[in-house]
Amino acid sequence: MLSRRTWEAALGALQVEVPKADFAAWFRDATFVRAGGREIVVAVPTVFAKEIVTRRYREMVARAVSKAHGGNVDVTFVVQAEQPAGPPAWLADPAPPPATAQAASTAPGVRLNPRYTFERFVVGSSNRLAHAAALRVSERPGDVYNPLFLYSGVGLGKTHLLHAIGRAVLAQRPETRLRYVPCETFVNELLHAIRTESRGDRRRRFRERYRTVDLLMVDDVEFLSRTEASQEEMFHTFNAIYEAGGQIVLTSDRPPREISRLEARLRSRFEVGLVADIQAPDLDLRRMILHQHAAAAGASVSDEVVDFLADRITRNVRELEGALTRTLIYAELHGLELQPAAAEQALSGLGRAAAGRPPATAAILAATSRHFDLPQEDLLGKRRDARTAGVRQVAMYLMRNDGRETLPEIGRVLGGRDHTTVLHGCNKIERRLKLEDQLKADIEAIRVHLAD
Ligand code: ADP
Ligand code: MG
């Protein structure tokens with residue numbers, strides 16, 4: 001039978017066949033996802049890795065798997081969702097950790113991104129204080145800087161530092177009860193608990209979940225300004241944890257005093273520890289980040305290319321990384337040397353797509369479906385599971401932004417959906433793009449194919 005074993009056997013064979021450096025770069029982190037019929041699905045860590053293995057190695061891999069299986073097998077590569085492989089599941093739920101890593105990775109809730117560690121956070125003058133404070137908090141939670149409040153513009157490393165704190169604390173004290181939550185999730189869960197309060201003790205469960213932790217990390221707290229109920233709940237949550245000697249870390253796009261409609265009592269709580277900001281990276285830091293990102297992607301990028309990109313993109317690390325990913329994929333697809341000229345074309349392709357002839361609807365559907373390995377019928381059909389709906393929303397977003405289609409037309413093409421559904425989908429993707437660099441890379445990769 002086609003199984004994880006088949007993949008492991010094939011991987012053994014590939015290790016002999018593929019040059020050592022390439023194997024380490026592209027296959028070391030490849031993991032078996034599922035097998036069925038005559039197909040095997042393998043996950044790789046990044047969009048770029050997916051492009052490379054698909055283009056360079058798909059046939060070789062298919063041959064190795066077919067041989068291990070003893071019959072023809074097709075191989076599909078997907079990009080791994082950003083989740084840590086192992087426990088602790090109680091990041092999502094304070095129940096005892098499950099027996100297997102498998103169970104942990106399927107538990108609901110927000111996880112720590114395995115890429116967001118202190119080792120992979122590059123320090124420069126613009127983020128030195130925030131980094132030092134975060135490191136200190138991770139070494140001695142609840143001791144100094146409580147709460148630690150980090151603020152900056154988008155894409156400058158706040159979420160990265162939060163996850164890094166979580167990881168470092170768990171590495172030193174695995175028994176720590178910690179919770180990482182985007183503020184939007186906190187607010188939505190609370191509103192849900194309030195609405196359903198009459199039906200039993202959801203609200204109590206909500207409180208237990210947030211108030212009985214040793215380390216609470218709330219991302220993007222400017223979101224609290226939306227409702228009074230959530231400010232009230234945050235106030236009591238904060239006090240409960242603080243008084244029990246727990247650590248609180250918060251992030252926002254602005255300092256506490258500039259968050260509109262934030263109650264004074266919350267503001268003064270937020271300011272009681274250390275408030276530290278992160279500024280836009282200077283040229284040196286941008287260069288270092290690009291070098292690190294390239295190395296992590298398994299690519300070797302010259303100083304000229306790094307300088308070219310570091311010169312062009314100055315305000316946002318997420319965009320800097322996006323530009324590099326786009327350049328790598330572009331050069332790979334067109335068989336170009338990694339030179340500044342390739343980077344220039346890759347980036348100007350972006351401008352062209354925005355200014356010139358918009359990609360056709362059919363092309364967007366095909367490219368999206370291919371990238372996410374989801375049949376086009378599903379995109380156009382009735383399925384509403386989270387994955388299908390998410391991919392469909394990406395298609396909506398691209399049709400609207402890049403394809404310049406109208407909302408009703410997009411709805412019509414996508415199986416007769418209402419224009420408000422389409423608008424909701426596009427807005428959802430826009431919000432997610434501010435937070436999820438994986439999604440950003442996915443969309444970049446689809447755009448590269450569309451510009452072809
Ligand atoms: P924010 O939460 O401030 O919007 P993120 O933490 O999501 O920003 O960072 C955006 C992207 O930039 C992430 O991929 C993150 O890993 C990366 N990043 C930001 N700052 C750094 C840094 N100093 N070193 C390495 N990567 C960084
Ligand atoms: Mg963030």
Side-chain angles (χ1 to χ4, degrees), residues 45-49 79-84 110-135 138 148-168 180-186 217-224 249-255 259 275-297 301 306 309-310 313-326 328 430-445:
T46 64
V47 173
F48 181 55
V79 181
Q80 201 161 37
E82 289 188 328
Q83 291 189 349
V110 178
R111 305 317 182 75
L112 300 179
N113 185 328
R115 286 203 307 110
Y116 293 176
T117 60
F118 281 121
E119 292 76 45
R120 291 176 73 159
F121 190 83
V122 187
V123 183
S125 56
S126 54
N127 59 22
R128 196 177 307 281
L129 175 64
H131 171 263
L135 198 57
S138 76
L148 172 61
F149 189 105
L150 302 175
Y151 74 91
S152 78
V154 292
L156 294 180
K158 300 180 295 291
T159 300
H160 187 133
L161 283 177
L162 276 194
H163 288 217
I165 292 174
R167 252 173 208 269
Y180 163 83
V181 67
C183 193
E184 182 172 6
T185 306
F186 178 88
M217 300 182 287
V218 187
D219 212 351
D220 303 311
V221 292
E222 67 273 10
F223 212 84
L224 277 181
V249 188
L250 307 156
T251 75
S252 173
D253 62 353
R254 64 199 72 181
I259 301 177
V275 177
D277 70 335
I278 304 175
Q279 293 292 328
D282 60 21
L283 182 61
D284 245 17
L285 182 55
R286 299 202 294 278
R287 285 193 184 125
M288 285 193 291
I289 289 173
L290 283 168
H291 276 300
Q292 187 209 252
H293 194 66
V301 178
V306 163
L309 294 172
I313 292 149
T314 58
R315 308 207 52 83
N316 180 325
V317 178
R318 184 178 296 125
E319 275 173 19
L320 199 59
E321 294 180 345
L324 177 62
T325 302
R326 191 179 165 89
L328 294 176
E430 255 158 40
R431 279 207 308 279
R432 286 180 57 197
L433 277 175
K434 295 207 185 102
L435 304 170
E436 296 172 35
D437 46 321
Q438 178 68 61
L439 180 64
K440 177 125 187 160
D442 282 323
I443 288 181
E444 291 292 319

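Along the sequence shown, the residues carry numbers beginning at 1. Basis for what follows: all heavy atoms, side chains included, without hydrogens, waters or symmetry-related copies. Just so you know, ligand 1 is whichever comes first in the structure, and atom 1 is the first atom listed for that ligand.
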Is ligand 1 less than 4.0 angstrom away from at least one heavy atom of Arg115? yes

With no hydrogens and no angle check, is any side-chain donor or acceptor of Lys158 less than 3.5 Å from a backbone partner on Gly153? yes

Does a side-chain heavy-atom distance below 4.5 Å link Val301 with His291? no

Does an N or O anywhere in Ile289 fall below 3.5 Å from an N or O of ligand 1? no

Side chain, backbone, both or neither: which part of Val123 comes within less than 4.0 Å of ligand 1 when only heavy atoms are counted? neither

Between the candidates Met288, Glu319, His131, Arg318, which shows the shortest non-hydrogen contact distance to atom 7 (O) of ligand 1? Arg318

Just jot down the ligand 1 atoms closer than 4.0 angstrom to any heavy atom of Val154, in number order. 4 (O)

For atom 18 (N) of ligand 1, find the nearest protein heavy atom and state the residue, atom name and distance (0.1 Å precision). Val317 CG1, 3.3 Å

Given Leu162, which partner from the list Asp219, Val218, Asn113 fulfils the side-chain contact (heavy atoms from CB on, under 4.5 Å) test? Asp219

Check each heavy atom of Glu321 against ligand 1 and say whether those closer than 4.0 Å belong to the side chain, the backbone, both or neither. side chain

Close side-chain approach of Arg286 to Ile289, heavy-atom, < 4.5 Å: no

Check Glu321, Arg326, Arg318 against Lys440 for a side-chain contact (heavy atoms from CB on, under 4.5 Å) and give me the one that passes. Arg318

Is there any N or O on Val122 that sits under 3.5 Å from an N or O of ligand 1? yes

Given 3.5 Å as the limit, does a donor-acceptor pair link the side chain of Thr251 with the main chain of Asp220, or not? yes

For Asn127, the ligand 1 atoms whose distance to one of its heavy atoms is below 4.0 Å: 23 (N)

Ligand 1 and Leu285, any nitrogen or oxygen pair closer than 3.5 angstrom? no

Applying the side-chain contact (heavy atoms from CB on, under 4.5 Å) criterion to Phe223, which one of Ser252, Pro182, Cys183 satisfies it? Cys183

Suppose we measure from atom 21 (C) of ligand 1 to each protein heavy atom; which comes out shortest, and what is that distance? Phe121 CE1, 3.8 Å

Classify the ring geometry of His131 against Phe121: parallel below 30°, tilted from 30° to 60°, perpendicular beyond 60°. parallel

Do Leu156 and Pro281 make a side-chain contact, defined as non-hydrogen atoms from C-beta onward lying under 4.5 Å apart? yes

For residues Phe149 and Pro255, report the shortest heavy-atom separation together with the two atoms involved. CE2-CA, 4.1 Å

Structural part of Arg120 in contact with ligand 1, heavy atom criterion under 4.0 angstrom: backbone

shortest atom 15 (C) of ligand 1-to-protein heavy-atom contact is with His160 ND1, 3.4 Å

min-distance protein heavy atom vs atom 13 (C) of ligand 1 -> Tyr116 OH, 3.6 Å

Just distances here: any N/O of Gln292 and N/O of ligand 1 closer than 3.5 Å? no

Any donor-acceptor N/O pair, Glu444 side chain to Ala323 backbone, under 3.5 Å: no

Gly157 N/O under 3.5 Å from ligand 1 N/O: yes

Heavy-atom side-chain contact between Arg115 and His163 under 4.5 Å: no

Output yes if Thr251 passes the N/O/S-under-2.8 Å test against the Mg ion (ligand 2); output no otherwise. no

Which option out of Asn113, Leu162, Thr159 puts a heavy atom nearest to atom 2 (O) of ligand 1? Thr159

Among all protein heavy atoms, pick out the one at the shortest distance from atom 4 (O) of ligand 1; state its residue, atom name and that distance to 0.1 Å. Gly155 N, 2.7 Å

